[in-house]
Amino acid sequence: MNSERDLATLRAAEGLLGGTQHVDGKDFMDAVDNLTAAQATSRTFVAPIDSSTGVARFSFGNHSSEIAASDNATLVLSTDCDGHVEADISGDRRNASIRPGTLTFVPHGLTQAYDFRGSTTNTVVSLNKRVFEQVVEANCGFSSMGVLDPRLQWTRPAIQKLIEEQFATMTSGEAGWKLLAEANAIRLAVEIFRAFGHERKTAKTHAALSQAEISRIAEFVDAELGCDFDLSALAHVIDRDVFAFTRAFKAATGETPHQFVIQRRLMCAKQMLANSAAPIAEIAYDCGFSSQSHMTSTFTKHLSVSPGVYRRQVRS
């Protein structure tokens with residue numbers, strides 16, 4: 001080990017004694033390698049091919065990390081997880097409950113700091129900015145990499161599947177795996193552009209919402225209930241212009257996007273009150289309400305009963 005790796009090992013070991021691991025890295029994959037050096041995780045790690053794409057899968061518990069800005073974007077699929085993360089991405093502070101099957105994306109050039117409590121297994125794909133540049137150059141329908149934003153805890157089945165394929169490809173050792181991995185990296189970049197709504201808009205911008213699009217929005221909202229997302233994030237889920245999205249959504253559903261989100265939060269709260277022993281304040285936070293009092297007032301306004309009374313009624 002070099003001196004930097006020795007320091008990382010020492011810091012991780014000291015943190016582990018207190019129940020929390022701490023790891024730094026030059027990029028996300030380097031941080032994974034440092035975490036492994038402290039023997040704090042189980043992992044499979046494949047270094048990037050010519051710095052273009054790499055993969056890792058690892059499990060960890062309470063964890064904090066600081067990751068420097070690099071030329072690599074980070075795409076994480078979380079599974080077997082139960083926890084909460086507070087993130088600082090180049091000064092943009094966010095928090096989210098980590099749910100199984102959800103994604104995290106951070107573009108290149110951004111610093112990352114995480115404080116995680118709980119346990120999770122993560123499959124990580126590292127994508128160099130050159131991969132996105134190749135997609136932009138090959139397809140004028142996509143914007144530049146610079147317009148992509150960080151996103152915590154979202155879903156996109158096509159991307160989830162490609163992450164699993166990339167991990168299987170790069171760990172297989174079969175003939176031709178490097179070529180296949182490079183092709184998969186391009187496919188992932190394309191799907192990321194699609195997921196973030198950076199395809200050029202056509203007549204679809206003003207078309208009515210389909211049931212499939214409404215289902216995709218519901219899937220996104222349910223996955224990110226604990227996060228602070230805005231109207232543009234909902235519009236991007238189905239590649240819509242944000243200014244036309246609200247009108248199209250209300251025409252299709254009979255309610256505004258804000259009303260739709262409130263109903264999904266209330267549905268989540270009802271399910272947790274009925275099936276979980278968690279305190280009401282914790283349920284409020286997990287369902288995206290700013291406080292227990294916020295959930296109580298919203299719950300009472302829409303359902304004519306307080307969360308506490310509702311819990312006693314459904315359990316009696």
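This one's a predicted model, so the numbers in the text were calculated from it and none came from an experiment.
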### For R93, all residues meeting salt bridge (charged side-chain N to carboxylate O under 4.0 Å, His left out), sequence neighbours excluded
D88
### Query
Can you list the residues that meet the side chain to side chain contact (heavy atoms under 4.5 Å, CB included) rule with V314, with sequence neighbours excluded?
A274, Y310
### Task
Applying side chain to side chain contact (heavy atoms under 4.5 Å, CB included), name anything that partners S119, two or more places apart in sequence or on another chain.
none
### Message
Under the salt bridge (charged side-chain N to carboxylate O under 4.0 Å, His left out) definition, can you give me all pairs with a residue in residues 252-268, not counting sequence neighbours?
### Response
D222-R264
### Task
Only pairs at least two apart or in different chains count here, so list each salt bridge (charged side-chain N to carboxylate O under 4.0 Å, His left out) that has a residue in residues 159-180.
R57-E164, E165-R187
### Task
Please determine if R151 and D149 form a salt bridge, counting it only when a charged side-chain N lies under 4.0 Å from a carboxylate O.
no
### Task
Using a 4.5 Å cut-off on heavy atoms from C-beta on, say whether the side chain of M295 contacts that of Y285.
no
### Message
Run the salt bridge (charged side-chain N to carboxylate O under 4.0 Å, His left out) test against R312 and tell me which residues pass, sequence neighbours left out.
### Response
none
### Query
Are any non-hydrogen side-chain atoms of F28 and N72 less than 4.5 angstrom apart?
no
### Task
Answer whether the closest heavy-atom distance between the side chains of I280 and R311 falls below 4.5 Å.
yes
### Message
Is there a side-chain contact between V55 and T123 in this structure, where contact means two heavy atoms from C-beta onward sitting under 4.5 Å apart?
### Response
no
### Message
Applying side chain to side chain contact (heavy atoms under 4.5 Å, CB included), can you list everything that pairs with L110, at least two apart in sequence or on another chain?
### Response
I89, S90, V106, P107, P150
### Query
Within a strict 4.5 Å, meaning less than it, do heavy atoms of the N95 and H84 side chains meet?
yes
### Task
Sequence neighbours left out, what pairs pass side chain to side chain donor-acceptor pair (under 3.5 Å) with at least one residue falling in residues 74-83?
S78-N122
### Task
Answer yes when E133 and R130 have at least one side-chain N-carboxylate O distance shorter than 4.0 Å, and no when they do not.
no
### Message
So F167 and L77, do their side chains get closer than 4.5 Å, heavy atoms only?
### Response
no
### Message
The test is ring-ring contact (aromatic ring centres under 6.0 Å, His included); show your working for F116 and F60 and say whether it passes.
### Response
CA-CA 10 Å; F116 176 81; F60 63 90; 5.4 Å; yes
### Task
Not counting sequence neighbours, which residues clear side chain to side chain donor-acceptor pair (under 3.5 Å) with T298? List them please.
none
### Message
For R99, give me all partners under salt bridge (charged side-chain N to carboxylate O under 4.0 Å, His left out), at least two apart in sequence or on another chain.
### Response
none
### Task
Can you sort out the partners of I214 under side chain to side chain contact (heavy atoms under 4.5 Å, CB included), two or more places apart, ordered by chain and number?
L209, Q211, A252, T253
### Message
Test of understanding: with salt bridge (charged side-chain N to carboxylate O under 4.0 Å, His left out), list the residues that count as partners of E282, not counting sequence neighbours.
### Response
none
### Task
Quick one: closest heavy-atom pair of T256 and K250, and the distance?
CG2-CD, 4.2 Å
